[in-house]
Amino acid sequence: MSRKIGRNDPCPCGSGFKYKRCCLGRNPSGSIDIKKLYAEQYKIRLKKIKDIKGISRSGRLVLDTLDLVESEIRAGITTDDINTSVHEFTVKNGGIPAPLNYRSFPKSVCVSVNEVICHGIPGDKVLQDGDIANVDVTTILKGYYADASKTFFVGTPSPEARKIVRVARESLKIGMSMVRPGNTIGDIGWAIQRYAEGQGCSVVRGFTGHGVGFEFHEPPQVPHFGEKGVGITLVPGMVFTLEPMVNLGKKDLRILEDNWTAVTKDGSLSAQFEQTVLVTNDGFESLTPFDL
Ligand code: MF3
Ligand code: CO
Ligand code: CO
């Protein structure tokens, strides 16, 4: 059975726009240029197969770097030791550490310990038994950016540390499960917020996931909170990060004097996991896949 599509009906291309504002008359051949539409409407650059391969190769190097960090992290080393390992390993493998000199960031990786939410600058801080440390690696390989992070236990974690790391990991998993064509960006944030708050934790508002691939941070922003059905409709070829930052206490943050380090206002623990994901024809594929 078929029915005429009205000018004010949702466009069949799944963009979320009215038919008249989208594909009606746009392309007489009947095939819809979503790539052009998303570029014009949202400044979102959809990725081609060649681009996806490039980002995925970069993602492989990011994962190998995180594995190296995992093998080395322990009480007694400094956050700068992690920076040195990440920098040397990346360069040795033909990559460029994207954080270095990015908007004047002075190091090659972000290391965010305990109450640090994100953008911790490596330095002479010595890791202690019981700390949690997020290590956020972004690599440029042959011009393609991939971005992922994990929160590691240093030595033996407290029950609080175990909890916030579990909730952060699960938040990313739940967010990723919402990624499929036809869902919206708001659906992702809604699912993460509902889960994390249901666990008695809070979701950071000041930093979001982001388009990635050709640049470090591309449109769109992908909040980790929000409302179902709101925001841009996901279409195949979109590549963006999900990187929910979850606090054991309140959501509020402040930025330290270094103009980078974001910490929880109440001093509570914060944890984060991040992956770079591709919207496929029937769901998603991680371009920085690791088990959650
Ligand atoms: N990797 C972070 C992100 O997930 C961004 C770090 S910006 C830097 O978006 F300059 F601090 F590296
Ligand atoms: Co990111
Ligand atoms: Co990152």
Side-chain angles (χ1 to χ4, degrees), residues 44-45 47 55-56 58-66 69-70 79-80 82-87 90-91 95-113 116-123 125 133-141 144-152 168-169 171-172 175-176 179 185 188-189 192 203-224 238-246 253 255-263 270-278 284 286-290 292:
I44 293 172
R45 297 173 69 189
K47 273 70 180 177
I55 299 166
S56 183
S58 183
R60 183 66 257 163
L61 181 49
V62 168
L63 293 179
D64 291 345
T65 309
L66 285 169
V69 170
E70 183 165 20
T79 53
D80 212 27
I82 295 172
N83 184 72
T84 302
S85 292
V86 168
H87 185 94
T90 302
V91 170
I96 300 167
L100 188 59
N101 301 321
Y102 175 78
R103 300 187 180 200
S104 304
F105 191 80
K107 295 282 180 168
S108 298
V109 63
C110 297
V111 183
S112 303
V113 180
V116 179
I117 294 168
C118 64
H119 301 167
I121 302 173
K125 180 181 178 63
N134 173 275
V135 178
D136 190 340
V137 175
T138 311
T139 299
I140 314 167
L141 187 67
Y144 289 108
Y145 290 74
D147 187 6
S149 83
K150 295 184 186 184
T151 300
F152 299 106
R169 180 187 284 114
S171 292
L172 175 55
M176 286 167 59
V179 177
I185 285 185
I188 299 171
I192 293 170
V203 174
V204 170
R205 306 295 203 263
F207 303 99
T208 65
H210 51 91
V212 67
F214 301 129
E215 294 173 65
F216 202 157
H217 296 106
E218 300 174 18
Q221 293 193 0
V222 186
H224 306 109
M238 283 175 76
V239 174
F240 53 82
T241 73
L242 293 180
E243 48 181 298
M245 286 143 272
V246 180
L253 65 82
I255 307 290
L256 300 188
E257 299 282 73
D258 61 22
N259 286 327
W260 276 105
T261 313
V263 300
S270 185
Q272 176 182 30
F273 289 82
E274 173 177 25
Q275 293 193 27
T276 294
V277 299
L278 163 72
F284 73 93
S286 179
L287 304 182
T288 54
F290 59 81
L292 290 166

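Counting starts at 1 for both ligands and their atoms, in listed order.
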In terms of the angle between their ring planes, are Phe216 and His210 parallel, tilted or perpendicular, with boundaries placed at 30° and 60°?
-> perpendicular
Which word best sums up how the rings of Trp260 and His119 line up, parallel for under 30°, tilted for 30 to 60°, or perpendicular for over 60°?
-> perpendicular
Between Asp147 and ligand 1, is there a nitrogen or oxygen pair with a distance under 3.5 Å?
-> yes
N/O of Trp260 under 3.5 Å from N/O of ligand 1, yes or no?
-> no
Does ligand 1 have an atom under 4.0 Å from some heavy atom of [X]?
X: Thr138; answer: yes
X: Arg103; answer: no
X: Lys107; answer: no
X: Phe207; answer: no

For [atom], grab the closest protein heavy atom and report residue, atom and distance to one decimal in Å.
atom: atom 9 (O) of ligand 1; result: His217 NE2, 2.8 Å
atom: atom 4 (O) of ligand 1; result: Glu243 OE1, 2.8 Å
atom: atom 2 (C) of ligand 1; result: Asp136 OD2, 3.3 Å

Side-chain H-bond candidate by donor/acceptor type, [X] with [Y], under 3.5 Å:
X: Asp147; Y: Thr138; result: yes
X: Thr151; Y: Gln272; result: no
X: His217; Y: Tyr145; result: no

For Val116, does its backbone N or O pair with a side-chain atom of Ser270 as donor and acceptor, under 3.5 Å?
-> no
Side chain Asp136, main chain Ser149, donor-acceptor under 3.5 Å = no
What part of Pro99 sits under 4.0 Å from ligand 1 if we count only heavy atoms: the side chain, the backbone, both or neither?
-> both
Atom indices of ligand 1, in the order listed, that fall short of 4.0 Å to a heavy atom of Glu274 = 4 (O)
Least distance between heavy atoms, [X] atom then [Y] atom:
X: Ile121; Y: Phe105; value: CG1-CE1, 3.7 Å
X: Gly59; Y: Thr288; value: CA-CG2, 3.7 Å
X: Val86; Y: Thr90; value: O-OG1, 2.7 Å

Under 2.8 Å: N/O/S of Glu274 next to the Co ion (ligand 3) = yes
Proximal heteroatom of Glu243 relative to the Co ion (ligand 2) (N/O/S) | OE2
Per residue Asp147, nearest N, O or S atom to the Co ion (ligand 3) is named OD1
Look at the N, O or S atoms of His217, main chain and side chain alike, and state whether any lies under 2.8 Å from the Co ion (ligand 2).
-> no
